[in-house]
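Here the structure is laid out as structure tokens; the discussion comes afterwards.
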Amino acid sequence: MGISVSETVRVAMLGGTFDPVHLGHLRSAVELVDALGLDRVHMIPAHQPPLREAPGVPSHERLTLLQHGIGDTPRLVADDREIRRDGPSYSADTLASLRAEYGESARLVMALGHDAFLKLADWHQPQRLFELAHLVVIARPDHHQPLPHTLGELVAGREVDDPAALFATPAGGLLRLSLPTRMAISATEVRQRLCHGGSVRYLLPEAVERRIMALGLYRHER
Ligand code: ATP
């Protein structure tokens, strides 16, 4: 895919429902590249999110919106690998496929917002996530809850203070990052505004807004 698989290649996965993608996702991905010196961020829409209700907009359309949102942004990739897989979209399987692609010595990161991190202990094979990748947790303005006990046990001894310490090994660490721009935008709020005919200008990339409007998506939220 254009990047040589060298010993130190640094790649992140940012998974999500992306229902729809918004500027909070995209700005975080760009700032993640800068903060961690990443070669690439794979933004990967879940085909069937395991822990939430099936999204009203099908995965292929959420992927198309993501492609419109990324446009020609360097180092960000709209990745369809979960859409090409049947069944629930487990991140552990997605990371295994990225690991197979980039090799054992690649530095692989699973990036997620603090809200998603809080539920990590309920995910499928949470220990395996750390065998495959480092976890990087992005602070979100409206999400400050403390870690549940089971999550504390899962991450005990893994936390490091900076990217250099994280990338000393290919996987297994935890880094909490406060990126420079924290945006209090959520897809839930975007969907609600669209449902009520409200404006979503400047919450989404223009190309994403145009496509949502042209297709009439999210107008009749269930
Ligand atoms: P919803 O409101 O439908 O739950 P969301 O806005 O949280 O959606 P997701 O697709 O679930 O979006 O999020 C994908 C990933 O991006 C998650 O790890 C989430 O924590 C993170 N994320 C979402 N919005 C932001 C934001 N504004 N800033 C930083 N990270 C975000």
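Note that ligands are numbered from 1 as they come in the structure, with each ligand's atoms numbered from 1 the same way. Note that these values count all heavy atoms, side chains included, but never hydrogens, waters or copies made by symmetry.
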Is the closest heavy-atom distance from [X] to ligand 1 below 4.0 Å?
X	result
His22	yes
Asp19	no
Arg191	yes

Give the numbers and elements of all ligand 1 atoms closer than 4.0 Å to a heavy atom of [X].
X	result
Gly15	14 (C), 15 (C)
Thr188	1 (P), 2 (O), 3 (O), 4 (O)
Gly16	10 (O), 14 (C)
Phe18	10 (O)

Name the residue from Pro20, Pro205, Pro45 that meets the side chain to side chain contact (heavy atoms under 4.5 Å, CB included) definition with Leu66.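 With Leu66 as partner, side chain to side chain contact (heavy atoms under 4.5 Å, CB included) holds for just one option, Pro45.
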
Qualifying residue for side chain to side chain contact (heavy atoms under 4.5 Å, CB included) with His134, from Leu36, Leu174, Thr169: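 So, applying the side chain to side chain contact (heavy atoms under 4.5 Å, CB included) to His134 and each of Leu36, Leu174, Thr169, only Thr169 qualifies.
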
Indicate, as side chain, backbone, both or neither, the part of Leu112 found under 4.0 angstrom from ligand 1 when only non-hydrogen atoms are considered.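 Both parts.
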
When you look for heavy atoms under 4.0 Å from ligand 1, do you find them on the side chain of Arg52, its backbone, both, or neither?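 Side chain only; the backbone of Arg52 stays clear of ligand 1.
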
To the nearest 0.1 Å, how far is [atom] from its closest protein heavy atom, and which atom is that?
atom	result
atom 20 (O) of ligand 1	Asp115 OD1, 2.6 Å
atom 17 (C) of ligand 1	Gly113 N, 3.9 Å
atom 16 (O) of ligand 1	His25 CD2, 3.5 Å

Under 3.5 Å, is there a donor on one side chain and an acceptor on the other for His196 and Gln192?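 Judged by distance alone, the side chains do not pair up.
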
Would Thr17 count as being in polar contact with ligand 1, using the rule that some N or O on each side must be under 3.5 angstrom apart?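 Checking ligand 1 against Thr17, an N or O pair does fall under 3.5 Å apart.
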
What I want to know is whether Leu14 and ligand 1 share at least one N or O pair that is separated by under 3.5 angstrom.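 It does not: no N or O of Leu14 is found under 3.5 Å from an N or O of ligand 1.
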
Pick whichever of Ala116, Pro55, Ala187, Ser28 has a heavy atom sitting closest to atom 29 (C) of ligand 1.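 Going through Ala116, Pro55, Ala187, Ser28 one by one, Ser28 has the nearest heavy atom to atom 29 (C) of ligand 1.
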
Please compare Met183, Arg140, Arg27, Met43 and report which has the shortest non-hydrogen distance to atom 25 (C) of ligand 1.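 Among Met183, Arg140, Arg27, Met43, the closest heavy atom to atom 25 (C) of ligand 1 belongs to Arg140.
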
Counting only heavy atoms not in Glu206, do more than 12 sit closer than 6.0 Å to its CD atom?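 At most 12 heavy atoms, drawn from other residues, nucleotides or ligands, come within 6.0 Å of this atom.
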
Check the orientation of Tyr90 and His124. Use parallel for under 30°, tilted for 30 to 60°, and perpendicular for over 60°.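 Rings of Tyr90 and His124: parallel, as their planes differ by under 30°.
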
How are the rings of His114 and Phe117 set to each other: parallel, tilted or perpendicular (split at 30° and 60°)?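 Tilted: the ring planes of His114 and Phe117 meet at 30° to 60°.
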
Indicate the atoms forming the closest heavy-atom contact of Ala139 with Arg182, along with that distance.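 Result for this residue pair: O-CG, 4.1 Å.
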
Heavy-atom pair of closest approach, residues Ser199 and Arg193: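 Closest pair (atom of Ser199, atom of Arg193, distance): O-CD, 3.4 Å.
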
Salt-bridge present (Asp34, Arg75; N to O < 4.0 Å):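 Salt bridge absent between Asp34 and Arg75.
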
Taking only residues two or more places apart in sequence, or in another chain, which ones meet Thr94 in a side chain to side chain donor-acceptor pair (under 3.5 Å)?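 Applying side chain to side chain donor-acceptor pair (under 3.5 Å) to Thr94 gives Glu82, Arg85.
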
